[in-house]
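So the structure is just underneath, and the comments pick up after that.
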Amino acid sequence: MSAPAFRRLALIGIGLIGGSIALAARRAGIAAEIVAATRSAETAATAMRLKLVDRCDTDVAGVCAGADLVIVCTPVGACGETARLIAPSLQPGCIVSDVGSVKQAVIRDMAPHLPAHVHFVPAHPVAGTENSGPEAGFAELFDGRWCILTPLPGTPVEPVDRLEAFWKALGSHVERLDAADHDRILAITSHLPHLIAYTIVGTADDLGGHLNSEVLRFAAGGFRDFTRIAASDPTMWRDVFMNNREAVLEVLQRFQEDLFYLQRAIRWGEGDKLFDLFTRTRDIRRALIHLKQA
Ligand code: NAP
């Protein structure tokens, strides 16, 4: 058996994504040692109890010493401050990455703090659940899912290739994208759907009175699926919208126009317009199933 590709993997933040990376990395045997640091002593104790990593404490800087791969797994809004804290302990040649759902803002916030002797390769595993915290992590989370790398221009090929091999070992398919393209694509495929789910569940809750309890009592397929999405972590999603503002506002504008088109079709009894759209969208769902992404 060949030696692990990384000597020491350090995870900063050990919730759903950090915990899942730890478990998947161990399953793959890709790192000789896996260590982590988190903000609270309570989360660190949980991570140790669950045996997610070999060592976990709250010393964010200390845990990076001797690591050849550091992955920041905190909410997007905390990535800049985390980079500032870990910078002095990063060893030369270390690969520093992240898992943030937004890429341009994370690059803007992290890159200025990182020393020239490390390789910064931002990444986003497009895999998750509505659960958070270390207990939500599981080794299979990334199996068959995409991980998008958004390397900065001028980054040497070798660290990007190594990070790609890391994510493939964790079960992911890997694609490289420009950070701005990533943010535009995710705005429509992930951020807008979450915003819609939060809105629908909020609107239903606002109906008030006896209707409110009836809505919950008869929650059927569509609404129930929205409540699952709307249960996603409030901190994470606040940070996503605060940090992908332009792209989200752009797709939101287009979405509102399309919604008005449907509103008008319903008002004027133009059933053919609804039928045509619903037929087109059903084909998209079938294509997704074909691509094994549903
Ligand atoms: P999570 O389960 O809530 O875990 C967050 C981790 O970050 C915990 O260790 C937490 O520490 C720490 N943390 C929270 N706020 C912090 C702060 N202000 N400063 C420093 N550390 C802080 O979150 P997650 O779902 O793993 O998400 C982590 C990242 O993955 C986010 O950037 C998110 O955009 C990205 N992501 C999430 C998903 C998803 O579906 N959840 C999918 C892809 C990518 P304590 O518990 O000790 O406070």
Side-chain angles (χ1 to χ4, degrees), residues 10-24 34-50 52-53 56-61 63-64 70-86 96-110 113 122-143 145-150 167 170-172 174 179 182-183 185-187 189-191 193-194 197-198 228-244 247-248:
L11 302 165
I12 313 299
I14 187 93
L16 167 69
I17 300 297
S20 298
I21 292 176
L23 292 170
I34 307 174
V35 295
T38 186
R39 184 176 52 170
S40 71
E42 193 189 343
T43 298
T46 306
M48 287 305 288
R49 176 173 55 76
L50 296 172
L52 295 179
V53 289
C56 185
D57 55 37
T58 56
D59 183 3
V60 168
V63 84
C64 295
V70 173
I71 306 181
V72 175
C73 305
T74 65
V76 165
C79 286
E81 174 61 7
T82 303
R84 191 184 69 77
L85 290 173
I86 64 174
V96 178
S97 189
D98 75 301
V99 293
S101 308
V102 176
K103 297 278 44 103
Q104 290 176 104
V106 165
I107 293 169
R108 176 199 68 203
D109 294 350
M110 285 184 70
H113 296 294
H124 175 208
V126 188
T129 72
E130 67 280 17
N131 302 317
S132 52
E135 280 165 321
F138 58 103
E140 301 77 24
L141 178 63
F142 311 110
D143 287 348
R145 311 306 300 272
W146 286 101
C147 181
I148 300 172
L149 308 187
T150 62
W167 277 105
L170 266 58
S172 291
V174 177
H182 167 279
D183 288 355
I185 293 165
L186 270 290
T189 58
S190 169
H191 307 168
H194 275 81
Y198 284 122
R228 185 183 60 73
I229 299 173
S232 300
D233 190 69
T235 304
M236 170 187 158
W237 284 97
R238 176 203 61 199
D239 284 8
V240 166
F241 292 114
M242 290 298 97
N243 287 283
N244 198 20
V248 169

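Remember, it's 1-based here, ligands and their atoms both numbered in the order they're listed. All residue numbers refer to positions in the sequence shown, counting from 1. Every value quoted in this text rests on a predicted model; they were computed, and no experiment measured them.
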Would you please write out the protein residues whose heavy atoms approach any atom of ligand 1 to under 4.0 angstrom, listed by chain and number?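 For ligand 1, the residues that come within the 4.0 Å heavy-atom cutoff are Gly13, Ile14, Gly15, Leu16, Ile17, Thr38, Arg39, Ser40, Thr43, Cys73, Thr74, Pro75, Val76, Ala78, Val99, Gly100, Ser101, His124, Pro125, Ala127, Gly128, Thr129, Ser132, Gly133, Met236.
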Any side-chain heavy-atom pair from Thr129 and Leu141 closer than 4.5 angstrom?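 Counting from C-beta outward, Thr129 and Leu141 do come under 4.5 Å.
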For the side chain to side chain donor-acceptor pair (under 3.5 Å) test, which of Lys103, His124, Gln104 pairs with His182?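 When Lys103, His124, Gln104 are each tested with His182, the side chain to side chain donor-acceptor pair (under 3.5 Å) holds only for His124.
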Donor-acceptor pair, side chain of Asp109 and main chain of Gly80, under 3.5 angstrom: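 Side chain of Asp109 to backbone of Gly80: no pair is present.
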Is it the case that the side chain of Asn131 and the backbone of Leu16 share a donor-acceptor pair, with hydrogens and angles ignored and the cut-off at 3.5 Å?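 The answer is no, because no donor-acceptor pair under 3.5 Å joins these two groups.
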Please enumerate all residues that pass side-chain contact (heavy atoms from CB on, under 4.5 Å) together with Ile229, with sequence neighbours excluded.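 Only His194, Ala197 meet the side-chain contact (heavy atoms from CB on, under 4.5 Å) criterion with Ile229.
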Charged N to carboxylate O below 4.0 Å: is that the case for Arg49 and Glu135?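 Salt bridge: yes.
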